[in-house]
Undergrad: 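Sharing a structure below in structure tokens format, with a few things to ask.
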Amino acid sequence: MTIDEQLDYLRKGAVEVIREEDLRAKLERSARTGVPLRVKYGADPTAPDIHLGHTVVIRKLRAFQELGHTAIFLIGDFTGLIGDPSGKNATRPQLTREEINANAETYKAQIFKLLDPAKTVIDFNSRWMDTLGSDGFVRLASRVTVKQILERDDFQKRLTEERPIALHELLYPLVQGYDSVALTADVELGGTDQKFNMLVGRNLQRESEQQPQVVITMPLLEGTDGVQKMSKSYGNYIGINEAAPEMFGKVMSVSDELMWRYYELLTDLRTDEIARLRAATQAGERNPRDLKVELAKRIIADFHSPSDAEAAEAEFNRVFKRKEIPDEIEERAVAEGEWKLPRLLVAGSLALSVAEGRRLLEQGGVRVNGEQRRVKDVDVTLRAGETLLLQVGKRRFLRVHGVAENILREQVDSDSLASVGYNPETQTLEVEFKHGGVYRYYNIPAHEYDELKNADSLGHYFNENIKAGAYSYIRVN
RNA sequence: GCAGGGGUGGUCGAGUGGUUAAUGGCACCGGGCUGUAAACCCGGCAGGCUAACGCCUUACGUAGGUUCGAAUCCUACCCCCUGCACCA
């Protein structure tokens with residue numbers, strides 16, 4: 001590729017490149033000397049759950065790798081170790097060394113789906129921040145003025161709105177900027193929200209007589225709702241560890257309009273190719289549905305494999321186009337006997353309450369063995385050894401299997417466990433689970449979990465046991 | 001500590017004594033339509049009982065109180081935000 005072509009490739013999808021002449025100069029220098037550019041991307045150590053939004057920047061990092069440069073994936077463990085004492089920012093809890101290391105491993109496993117491990121350096125900013133010392137830190141702070149820091153939009157805003165800004169928040173841009181100095185970064189990548197911090201890096205590098213880094217800002221990807229940025233807390237994200245059929249469905253649920261944005265930021269298609277597809281769609285030559293399928297397959301191929309993508313498509317067509325039942329259906333054991341349908345739905349976690357089960361029934365959303373059931377038709381007999389296929393809505397299926405014992409089992413994992421407490425009055429263990437935002441409480445007779453009564457932290461103890469595989473099911477009365 | 005503002009259902013946000021299980025938006029769920037889990041339209045959205053009309057139980061930060069009746073009034077307490085003060 002010529003330098004011009006490289007520039008073009010690196011600019012794709014970016015909001016800003018500061019400054020383009022600098023980038024050109026650096027690319028030329030690298031081509032001349034054979035020394036790869038050092039391209040930095042910083043990540044918060046608290047959220048190792050990467051979703052497609054993060055991959056917009058990671059893809060850009062990969063673009064640099066493809067051109068032979070060095071990707072530096074920097075984990076901001078220093079700030080993670082401090083935590084956020086102001087208490088209002090729950091997203092920055094204090095982490096232990098072990099947690100940070102564990103998160104780093106999780107990060108690696110995820111980013112290497114996109115990045116080439118051989119050309120990626122993983123680093124931690126505690127490496128230089130720990131040895132900086134408070135004198136060094138104060139000296140560092142002397143290199144920028146208060147006014148410079150307060151320029152940041154979000155500080156400005158909070159100042160005028162009289163919302164608080166904790167002092168340490170003013171310090172974070174400084175730390176991030178200093179990271180660039182410590183790494184002698186040539187380029188820093190980040191979302192548009194990182195622009196200010198990355199520019200601080202340029203200033204500090206200049207102060208340190210380094211060549212200022214090129215700053216490339218990438219847009220914040222809209223989530224599946226098409227409005228807010230993709231984020232776990234908005235529930236509008238597609239995680240890169242999600243199963244292929246799930247990813248497929250989520251991509252298909254994206255609006256036709258948003259699809260183009262995803263094409264631009266989540267695929268390697270060239271801008272002009274995307275423009276052509278778009279024109280063809282507007283002209284009615286291409287069907288948006290088919291293009292969305294293609295998009296979904298491309299994305300799945302990145303994180304799973306092309307064959308997984310094919311399988312996901314087949315599954316989707318089977319369930320939604322031909323309204324057949326899916327390939328794999330979860331099965332759950334349920335007590336045999338006479339059931340009222342709403343109760344059975346609750347037992348199978350297809351409804352969160354009897355009332356909801358009833359509503360689903362009223363609205364015609366419930367099928368048993370493929371047959372639609374109505375409110376007056378609520379009785380179901382499930383014999384031991386017999387299996388019924390339950391369906392709620394278009395895409396939720398469950399086989400319930402009748403068992404003789406009068407025990408229902410609820411599957412648990414540490415993600416769904418919300419809290420555990422021992423109630424001395426009733427002598428039961430109260431366990432709270434979170435299923436899709438809804439809490440459910442179960443009382444467990446203490447004699448079944450005697451050892452738990454004496455544990456210091458029930459939640460911790462319980463969680464550890466779940467993780468260790470001690471309880472994959474819990475008895476529910 | 002002082003002064004002011006505020007705490008309502010998953011979320012945002014109305015409601016300031018009486019059909020209020022609480023308007024509305026968003027999210028979510030079901031149905032219809034379709035080329036898709038797009039868009040659009042319709043319906044639902046505390047829990048429990050009932051075949052059903054319907055009934056009951058909880059719920060507006062917490063605990064009491066006033067009242068025939070309270071999310072709405074009173075008292076105390078807790079928490080959050082802003083400013084000031086204290087920490088010398």
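Every chain is numbered from 1 and lettered A, B, ... according to where its sequence line falls, protein lines coming before strand lines. Nothing here was measured: the structure is a model prediction, and the numbers come from that model.
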Undergrad: Confirm from the modelled atom types if A:Gln363 and B:rG43 form a donor-acceptor pair under 3.5 Å, side chain to base only.
TA: yes

Undergrad: I want to confirm an ordering. Mapping A:Gly393 and A:Phe248 to their closest nucleotides on RNA chain B, which one lands closer to the 5' end?
TA: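 With A:Gly393 and A:Phe248 compared, the 5'-side residue is A:Gly393.
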
Undergrad: Measuring only the P atom in each nucleotide, how far is B:rU72 from B:rU66? A whole number of Å is fine.
TA: 15 Å

Undergrad: If you check every side-chain atom of A:Val354, which of B:rC49, B:rG47, B:rG31 has the closest atom?
TA: B:rC49

Undergrad: Is the shortest distance from a Lys or Arg side-chain nitrogen in A:Glu362 or A:Arg359 to a carboxylate oxygen in the other one below 4.0 Å?
TA: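 The answer is no: the pair does not qualify as a salt bridge.
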
Undergrad: Considering only B:rG44, B:rA52, B:rC49, which nucleotide approaches the side chain of A:Arg343 most closely?
TA: B:rC49

Undergrad: Toward the 5' end of RNA chain B, which comes first, A:Val392 or A:Asp290, by nearest nucleotide?
TA: A:Val392

Undergrad: Examine B:rC29: is either OP1 or OP2 under 4.0 Å from a nitrogen or oxygen in the side chain of A:Arg395? Give yes or no.
TA: yes

Undergrad: With no hydrogens and no angle check, do the side chains of A:Asn103 and A:Thr106 hold a donor and an acceptor under 3.5 Å apart?
TA: no

Undergrad: Determine, stepwise, if the pair A:Leu221 / A:Leu266 fulfils side chain to side chain contact (heavy atoms under 4.5 Å, CB included).
TA: CA-CA 9 Å; A:Leu221 185 72; A:Leu266 300 175; 4.0 Å; yes

Undergrad: Would you indicate, yes or no, if B:rG47 has its OP1 or OP2 atom less than 4.0 angstrom from a side-chain nitrogen or oxygen of A:Ser353?
TA: yes

Undergrad: Quote, to the nearest angstrom, the P distance that separates B:rG44 from B:rA22.
TA: 12 Å

Undergrad: Would you kindly check whether a donor in the side chain of A:Asp256 faces an acceptor in the base of B:rU36, or vice versa, at under 3.5 angstrom?
TA: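 Check passes, donor-acceptor contact within cut-off.
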
Undergrad: Counting side-chain heavy atoms from C-beta on, which of B:rU36, B:rG48, B:rG35 comes nearest to A:Pro288?
TA: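 Of all the options, the side chain of A:Pro288 is nearest to B:rG35.
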
Undergrad: State whether A:Arg358 places a side-chain N or O below 4.0 Å from either non-bridging phosphate oxygen (OP1 or OP2) of B:rA52.
TA: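 Yes, within the criterion.
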
